[in-house]
Chemist: 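Pasting a structure below so you can have a look.
Computed from heavy atoms alone, side chains included, the values below leave out hydrogens, waters and symmetry copies. Within every chain, numbering begins at 1; the chains are lettered A, B, ... in the order of the sequence lines, protein sequences first and strands thereafter.
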Amino acid sequence: MCALTRSSGIPPLCEFDRMLLGLTNGTIARLFTSIFLNQNVAAGGGVLVVCYMMNYVGHGKTHRDAASVQATHPIPAACGLYYFEVKIVSKGRDGYMGIGLSAQGVNMNRLPGWDKQSYGYHGDDGHSFCSSGTGQPYGPTFTTGDVIGCGVNLIDNTCFYTKNGHHLGTAFTDLPPNLYPTVGLQTPGEVVDANFGQEPFVFDIEDMMRELGTRTRMEINDFPVPESHGEWQAILNKMVSTYLVHHGYCNTAEAFAHITEQPFNEDIVSIKNRQKILKLVLAGRMGEAIERTSRLYPGLLENNQNLLFMLKCRQFVEMVNGSDVEICHRKSGYSPSYSVSPRPSSPIQTSVIQSTKNYSNKSKQTVEEMNQNNTTTTTAPTHNGSSCNEVPVILTDDGDVEMDTTEEYRNGHGDACNGKTNNSTNGYQNGNSHNNNVTQDGECCDNEDEDMDVDVPVCRKSCSKPAVERILEFGRELYSMSQRLTVDKGSSETNQKMLEDAFSLLAYSNPWASPVGWQLQPSQRESVCASLNSAILESNKKPRKPPLEVAIAHAHELVKLMSTSGLGSCAFASLVEILDQ
Amino acid sequence: MLFEMQPPFTTFMSVESTRAYIDNLYSSDPEKCLTSIVCIKNSVIGSNRQKESVIAQGIVPRLLQLLQDRNTKSMLRIEAAITVGSLAKGTNEHVEILINSGTIQLLLNTLEENEPQLIDACLSCLRTLSQSDSPQNKIDVKRLHKLLTFAGPGESLRRQACVASIMGSACKTPVEQNELCAMGAPNLLAALLSVQNSSVRIPVLACLASMCWNNQNVANMVANTTYKDVKVSSILATLIGRDRPIEMQLEAARCLTNLHRAGAISSNDPIITYRTLPCLVRLCQTEHSEGNRASAANTLAYLTEVDSDLQQVAAISNQLVSALVNLLSCRSVAARQAAFRAFASLAANDEDIRKRIIDTKCLMDSVLEGLDDENEDIRLAAVRCLHSLSRSVQQLRTTFQDHSVWRPLMALLTGCPSTELLTAASSALCNLLLEFSPAKEPMLQQGVVQLLATLTIRPEPSLRLNGVWALMNLAFQAEQRVKSQILTALGTDQIFRLLADSDTRVLMKTLGLLRNLVSPRTHTDTMMSLHGPQVMQGVVLVLEGPHSPEVKEQALCILGNIADGEKAREHIMSNEDVLKKLIDYMTHPAPCLQEASVFCINNLSRLGEPGSLERQTRLKEMGVVNILQQLLSTSDTVLYNRVKTALTQFTDV
């Protein structure tokens, strides 16, 4: 009776904006006894699809000869605003066409609007039919060449239509959930073409989306806060300051407390110690980090063997990376001749790469590219047959640079933007960060760190054992530790996996380009860093996670809950957007 | 400011202690004076009663004196300016007192000085005062220039906002529009549109709208102005978006509307059809505030006033008709006036829209109530709406008749309405007096002829035009008695005066009236026997006058009608002068005159009527046949057919 074929010339597959997505999982219209669908659909990128042309081929004598087609999936409430357009290719004999929405199970042999839970706008008289055989005057009639749009606002549960891009006003209110887009035809020769977003819409739906987005944002911003304003503000301030303390932004936390006139009685020394350890981790200097942790927080790692194992695994990775050095030989290898001017001794070129690598930490897009750079330049010497010794030497210096620049990152970055050459940037960065470190360390508890920057490269040079041997030795220790862990605490799959991944690095001549090379990315240090930070805080009887992060995670969950509960506003309640404001 | 209230303030509230502070205002000790001003300033904030009280005590001149005197300490002058600014936010009377005291000029003078805080206070005060409609609220060109410098990109947001507001309200006539444009205001304002602050953008939009209103040159300049390579119209298109504050959307839409009406943006530009129009229609919806809806409806009325495509789109958009009906039921004058105006625009050209509007429940009742409203503006808007709706034959015969629309309309006309109202009402009357209108008869009985006759002697051309026009409609295919009534009421002298009217439109309608009076054939002889000489004189007057061919064509048509009357045609035949003129027009370069004169000759020479042979002979003697034969070679088919018909009358040719 009614044949449905995909219109030719239109690509069968397209990805929609998630807001406009109506039909998911690669589908078209549902099959009905008398309606034949000829479809060709595939899912793409999780999102899908659909364009079709409907053509009425029944005899069309009475209203019972109508044929409607429903989309296979209901309009998801989570899309916030749903919209589709139907172009009237031909009005056929009488132009009895209906465009609208209907619930599942509604009689498909009648135009949308005539039955319960069915809503339609009809072309012959321009009336709107709200689950009733008699229509209400609504809009103009429509005919061949017109483009009729149907929009569902899932926040207000209303429906509106458009004709040739002009908004015709609200047609239905208080719509039930889970309606299906529906198109019905009744007389021979009627042909319509539906557009679910695969082509640009005639109506400016984007403008409306922006409005709903703004409206939702305003609602969130204007949401009444409990109790008096002052208390609310105090809670917010507290959240911010705990966040800063948690992550060890000591000076910022102090300044914030000062500005907001809150008392600041955190243990600054403890924050600074923690900050120092975390910096070491982020710089890849795991050995030092572990050593310092066990010195400052005795018992912490002993009681948390899994954490220690994780740190050691990371240390292994960093050794391969060339960022970590065992510091135990440091003092013995001290050589004044080198300490006088350690900087010029290290090739500037490598520093440049490392400083950009550090930069890539922050901007994810370039990580790949930077890594490639990294790979080519740093691994080249190995292939060229230079002694293995040299590689770590150079890279150790990088470790320094990175550690220092974690804090001075902005400085360096700003300079790069000013168009200075990389070389000069690097030099400036190094010098600057070094100075800075001195002043900072001045307030710090132990001064032995002072020498660290200078000493390390020296100790590398004087190191007697080849690096690979030391790595292997360390690997053996790590392995026996993992065995011990298995005995003590039962086998942990995670640990096993971690160890395997780490050891796999040795199997490649160029570990950076290997399938397990991701471990070498500096960004991988962040999760280790977070775990260590949480553990230290927990041992100090402080929360593992700062309240601010808990609140954000909570909000994320709530938005997900809104979506599953069919609350349309969730489409516009973007946490990221609100935080970016 | 309220937080700064000083202890004396509490006692200040009582009238007795007031005196002391007011007295201190006149003290020569700056400290005492300052304390006094601060006290007054704090007391008048937000209280019209306190403003009333201190103004009544005559402090305005003293404040202005302090403000004006360059020797006064600047702190004192700033406080004085702030206090004046606060008083300016009082009632209209307060504003008037301030303006009549020359405050505006004084503030403008102060702007020439170089005291940032003082300038800020003066600008704020000027902005408040500029919102009033006082005629003294004028700013000369030099001052505008100075003002403009306070809106530069480096100035504070507050200054930019103030200057835009002041300029927007100062820009009332083409003189100011052109001046502002010449000073480079479009570039400056375009730059200000990019300031991310609504309190600046909104007055800037209002200022641009005022500049472009009805001024094609300025509108073109503004439309072609770019800021950072973006055209002003594109900036406006973003500011009109749904996500913007309502006031911003409204002002941006007004700006685009004025640009369109001044001819700078075409009506089929998507910015107008898909941005401006839908925005205004949307803002007319009931969910918005009454003031905003009124403002949107007003702008919409102006946008769609003349363009029938826009009228059609608006009519189907967003249930506009019911939104406007709802607006009609609002209390405020502005809302009802705007709704009537919008209806008038929508119904201007399209019969379908008219029908839909009239079919809307109770609309006609609202219009009739509007005609009776105590507020003149509403009456005017209702009459205009009625006028627009009265362009429909069908409605005149049905709805208008059912509601006896003529009754309130006649009542309006016989009261003593303002010229504007009278013009609008008489325009509507013209349609109601059309031949087929059922309202015609009862209105005749109510003495409409006399009323129209008096309109024709009004000094305003538009009223004379409507008067004659309505009489012309009335005379069309009217009974003999109506025609006599018209002639008697008007008097031949008045007809001559109208024939010599400076307004061509009036002249045309007068000739139309004469034509209707002497036709059809059955009436021609009677009318000519009564008024023949005068009519002929009038026609000759027009034919000899320096008029366009269209006017003279009407005169020749009258002759054609006269030539149709059995006895009446003797008025032509016996007048050698007229005959000669007629024959001359047969060879006139204007085809319309040729056609009309040939038509007349045809009527004169028609066979089978008494005396036709004599007339043919006479015409032949004057060379008519020869001319007709020459005219056969014309390429104009209408003329050719007429010439052919005329020639067939001459039997022996």
Side-chain angles (χ1 to χ4, degrees), chain A residues 19 80-81 83 85 121 123 125-128 136-143 146-149 151 153 155-156 158-173 200-222 572 574 577 581, chain B residues 196 198 236-246 248-249 252-253 268-288 300 304 309-326 346 350 352-353 355-361 363:
Chain A
M19 303 299 180
L81 179 65
Y83 185 75
E85 279 182 353
Y121 165 38
D125 55 6
H127 286 186
S128 65
Q136 296 292 318
Y138 168 67
T141 58
F142 55 88
T143 182
D146 286 329
V147 175
I148 303 300
N153 179 330
I155 300 177
D156 305 338
T158 56
C159 165
F160 66 90
Y161 288 93
T162 65
K163 178 181 172 179
N164 301 327
H166 297 292
H167 195 294
L168 301 180
T170 302
F172 310 113
T173 55
F201 289 123
V202 179
F203 177 69
D204 187 359
I205 194 73
E206 294 293 327
D207 196 25
M208 204 174 232
M209 303 248 271
R210 278 192 296 273
E211 183 198 19
L212 289 177
T214 310
R215 212 174 83 186
T216 311
R217 255 202 314 283
M218 297 253 283
E219 242 170 81
I220 294 170
N221 288 343
D222 298 345
F572 304 102
S574 159
E577 248 172 63
Q581 264 182 347
Chain B
Q196 299 284 336
S198 300
L236 293 174
T238 63
L239 297 181
I240 210 173
R242 284 166 175 263
D243 52 339
R244 305 289 178 167
I246 302 293
M248 191 186 289
Q249 292 182 36
N268 49 29
D269 189 312
I271 286 185
I272 298 297
T273 0
Y274 289 104
R275 300 289 286 174
T276 314
L277 182 71
C279 170
L280 289 169
V281 171
R282 185 161 39 79
L283 295 180
C284 287
Q285 303 298 314
T286 45
E287 68 259 28
H288 297 290
L300 183 67
T304 57
D309 287 340
L310 290 179
Q311 287 158 12
Q312 276 170 8
V313 172
I316 62 158
S317 289
N318 222 328
Q319 312 295 312
L320 177 64
V321 173
S322 55
L324 290 177
V325 167
N326 188 292
L346 285 182
D350 190 286
D352 282 342
I353 301 177
K355 188 166 156 26
R356 272 187 46 213
I357 291 177
I358 289 182
D359 286 349
T360 311
K361 210 175 77 184
L363 183 91

Chemist: Can you name the residues that form a side-chain contact (heavy atoms from CB on, under 4.5 Å) with A:Asn164, not counting sequence neighbours?
Modeler: A:Asp146, A:Val147
Chemist: Between A:Arg210 and B:Arg242, is any pair of side-chain heavy atoms under 4.5 Å apart?
Modeler: no
Chemist: Search all heavy atoms of B:Asp243 against all heavy atoms of A:Thr214 and return the closest pair with its distance.
Modeler: CB-OG1, 2.9 Å
Chemist: In terms of heavy-atom proximity below 4.5 Å to chain A, should B:Arg275 be classed as side chain, backbone, both, or neither?
Modeler: side chain
Chemist: Would you say B:Asn318's side chain and A:His167's backbone share a donor-acceptor pair under 3.5 angstrom?
Modeler: no
Chemist: Between A:Asp204 and chain B, which part of the residue has a heavy atom less than 4.5 Å away: side chain, backbone, both or neither?
Modeler: side chain
Chemist: A:Met218 versus chain B, heavy atoms under 4.5 Å apart: side chain, backbone, both or neither?
Modeler: neither
Chemist: Please identify each residue that fulfils ring pair (Phe, Tyr, Trp, His ring centres under 6.0 Å) with A:Tyr121, with sequence neighbours left out.
Modeler: A:Tyr138, A:Phe142, A:Tyr161
Chemist: Pick from A:Asp207, A:Thr170, A:Leu212: which one has the most heavy-atom pairs with chain B under 4.5 Å?
Modeler: A:Asp207
Chemist: Against chain B, work out which of A:Arg215, A:Met208, A:Lys163 has the most heavy-atom pairs shorter than 4.5 Å and name it.
Modeler: A:Met208
Chemist: Minimum heavy-atom separation for B:Thr273 to A:His166, with atom names?
Modeler: O-CE1, 3.6 Å
